[in-house]
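Order of the sequence lines fixes the chain letters, A, B, ..., with proteins taken first and strands second; residue numbering starts at 1 for each chain.
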Number of protein chains: 2
Amino acid sequence: MPHGELARLAALATIKRFKPGQFLAEEGEPADAVFNVIRGTVRLYKLLPDGRRQITGFADAADFLGLAAGHTYAFTIEAIDSVQACTFVRTRFRSLIEDLPALEHRLLELASAELEAAQYQMLLLGRKSACERVATFLCIRHKIGLRSADPGCRTVLLPMSRTDIADYLGLTIETVSRTLTKLRKNELITLQPHKRGVIINDLDALWALAEGCADGS
Amino acid sequence: MPHGELARLAALATIKRFKPGQFLAEEGEPADAVFNVIRGTVRLYKLLPDGRRQITGFADAADFLGLAAGHTYAFTIEAIDSVQACTFVRTRFRSLIEDLPALEHRLLELASAELEAAQYQMLLLGRKSACERVATFLCIRHKIGLRSADPGCRTVLLPMSRTDIADYLGLTIETVSRTLTKLRKNELITLQPHKRGVIINDLDALWALAEGCADGS
DNA sequence: CGGTCACTTGATCGTCTTCAATACCAGTGG
DNA sequence: CCACTGGTATTGAAGACGATCAAGTGACCG
């Protein structure tokens with residue numbers, strides 16, 4: 001985006017901090033802000049009336065959030081760790097869009113990418129086994145890690161809890177735990193106890209598992 | 001959208017016909033067209049290497065298709081029945097967007113709505129039981145039917161096969177069949193044999209089931 | 001008619017869930 | 001320093017839901 005436009009955007013932003021567990025937005029509430037995560041990780045999720053939770057995505061530094069079709073949020077946004085986020089008042093953001101076609105263009109690109117990711121996730125939730133889901137998750141998290149780490153880095157940092165991973169993959173916490181143990185025993189990964197980190201020993205094999213090209217026995 | 005802009009859009013369109021099973025687009029192929037379904041229904045899906053299929057959505061008359069983040073399609077688009085679609089060459093469509101901000105605005109709205117639908121579907125695939133999934137499907141199809149039928153209409157037309165429904169809901173064809181039978185025995189619905197139609201007897205109860213507020217026993 | 005296709009129904013099996021016990025760490029206060 | 005507590009993760013045993021395998025029905029078609 002052109003520098004002048006970026007400056008106008010920045011002029012509109014307020015940087016806010018959120019503690020772990022704090023809400024950036026809540027499903028069903030009026031959607032009066034959009035966000036850009038600067039630091040930390042947030043979870044996006046929807047709930048069923050009885051409390052079942054589906055995490056539809058995680059957002060890390062540089063991710064944009066808060067697109068809503070209607071006038072209320074379609075999902076809850078909650079800080080996982082200590083989060084800093086650029087916050088824009090929606091009405092002002094909207095009026096800025098009016099005279100900045102480049103911004104709207106960028107938003108459409110982002111939305112399209114999100115949509116593509118959502119389709120991958122549907123494939124995962126509808127058709128992959130527990131083992132394939134966990135392998136996919138680790139591979140994708142690894143890829144995301146490469147945005148900020150050097151290529152060739154094999155350590156995956158998982159800021160989210162097992163419960164979050166389970167609710168993201170459509171599994172239970174026990175199945176996630178068991179599956180990670182199985183991958184460890186097969187020497188595909190190494191777990192870092194009490195550090196929420198995983199080292200990938202064989203990235204290619206893990207990808208093969210993730211895509212259903214291996215049986216993971 | 002303003003009439004003048006609509007006219008320019010129409011000038012760019014070619015109406016194409018597709019027979020059942022014919023592809024409008026294929027996953028991985030260069031994305032050089034976008035579509036607007038005029039008549040009929042198409043399925044959008046992704047495949048795993050071993051053939052497992054996840055249908056990410058169906059598109060009916062008036063639905064817009066073909067948004068791609070990259071330069072290739074993220075999913076396959078296949079005609080279910082006899083389909084007519086407005087086809088736009090992507091490059092020309094793109095250049096039209098350049099001078100029509102309203103068009104891009106509309107596309108962003110559509111993409112946001114799609115994204116919201118995708119999140120509902122993730123909730124369904126990750127956290128709902130077979131019974132809840134089928135009930136949700138029927139309710140949503142009913143809602144879609146109201147776009148072209150009078151309100152109060154209780155007949156749901158299902159142009160897609162049981163296999164399609166199964167691949168959309170992350171189930172097998174047998175489970176879909178059994179679940180429909182169960183709903184019929186509970187007198188929530190009436191099946192129209194050999195006609196791919198369903199009559200909803202108790203819409204409220206079906207919605208309650210769909211949202212997990214009832215146990216569907 | 002024989003053939004295929006879409007769907008239904010039944011019996012059995014396996015994966016993941018549920019329920020439960022245990023381990024481990026961090027923080028708190030005696 | 002050490003018990004006590006709460007949160008997170010691992011592991012085991014039992015159970016359920018949906019998948020798989022298999023058979024059967026009716027519609028449509030050459």
Q | Spacing of A/Glu174 atom CD relative to C/dC16 atom P, expressed in whole Å | A | 14 Å
Q: Please state how far atom CD1 in B/Ile165 lies from atom C1' in C/dC7, giving the value in whole angstrom units.
A: 11 Å
Q | Residue whose closest nucleotide on DNA chain D lies nearer the 5' end, A/Met160 versus B/Val176 | A | A/Met160
Q | Heavy-atom donor-acceptor pair, A/Glu116 side chain to A/Ala113 backbone, under 3.5 Å | A | no
**Q.** Nearest-Å distance for atom pair CZ/P, residues B/Arg52 and C/dT15
**A.** 13 Å
Q) Is any side-chain N or O of B/Ser161 closer than 4.0 Å to OP1 or OP2 of C/dA6? A) no
Q.
Donor-acceptor check, side chain of B/Thr72 to backbone of B/Pro30, threshold 3.5 angstrom: yes or no?
A. no
Q: Apply salt bridge (charged side-chain N to carboxylate O under 4.0 Å, His left out) to A/Arg39 and A/Asp60, showing your working.
A: CA-CA 7 Å; A/Arg39 204 167 60 78; A/Asp60 306 278; over 6 Å; no
(Q) Taking donor-acceptor contacts at under 3.5 Å, does the side chain of A/Arg133 reach the base of C/dT15? (A) no
(Q) From CD of B/Gln192 over to C1' of C/dA6, roughly how many Å is that when rounded to an integer? (A) 17 Å
(Q) I need the CG-C1' distance between B/Leu191 and C/dC7, as an integer number of Å. (A) 11 Å
Q. For B/Leu158 and C/dC7, what is the distance between atoms CG and C1' respectively, to the nearest whole Å?
A. 13 Å
Q. Once you round it to whole Å, what is the distance between P of C/dT18 and CG of A/Asp50?
A. 11 Å
Q: Indicate, with a heavy-atom threshold strictly under 4.0 Å, whether B/Thr172 touches base, sugar-phosphate, or nothing.
A: base
Q) Within the structure shown, what part of the strands sits under 4.0 Å from A/Leu180 by heavy-atom distance: base, sugar-phosphate, or nothing? A) nothing
Q.
Side chains of A/Thr91 and A/Asp32: any donor to acceptor distance under 3.5 Å?
A. no
Q: Determine the sole option in B/Arg162, B/Arg53, B/Arg43 for which the side-chain hydrogen bond (donor to acceptor under 3.5 Å, both in side chains) test with B/Asp167 is passed.
A: B/Arg53
(Q) Reading DNA chain C from 5' onward, which residue's closest nucleotide shows up sooner: A/Leu171 or A/His194? (A) A/Leu171
Q. Checking B/Gln121 side chain against B/Tyr168 main chain: does a donor-acceptor pair fall under 3.5 Å?
A. yes
**Q.** Interatomic distance where CZ belongs to A/Arg196 and C1' belongs to C/dA26 [whole Å]
**A.** 13 Å
Q | Nucleotide range of DNA chain D lying under 4.0 Å from chain B heavy atoms | A | D/dG18 to D/dA27
Q) How about A/Phe64 and A/Phe35: are their ring centroids closer than 6.0 Å? A) no
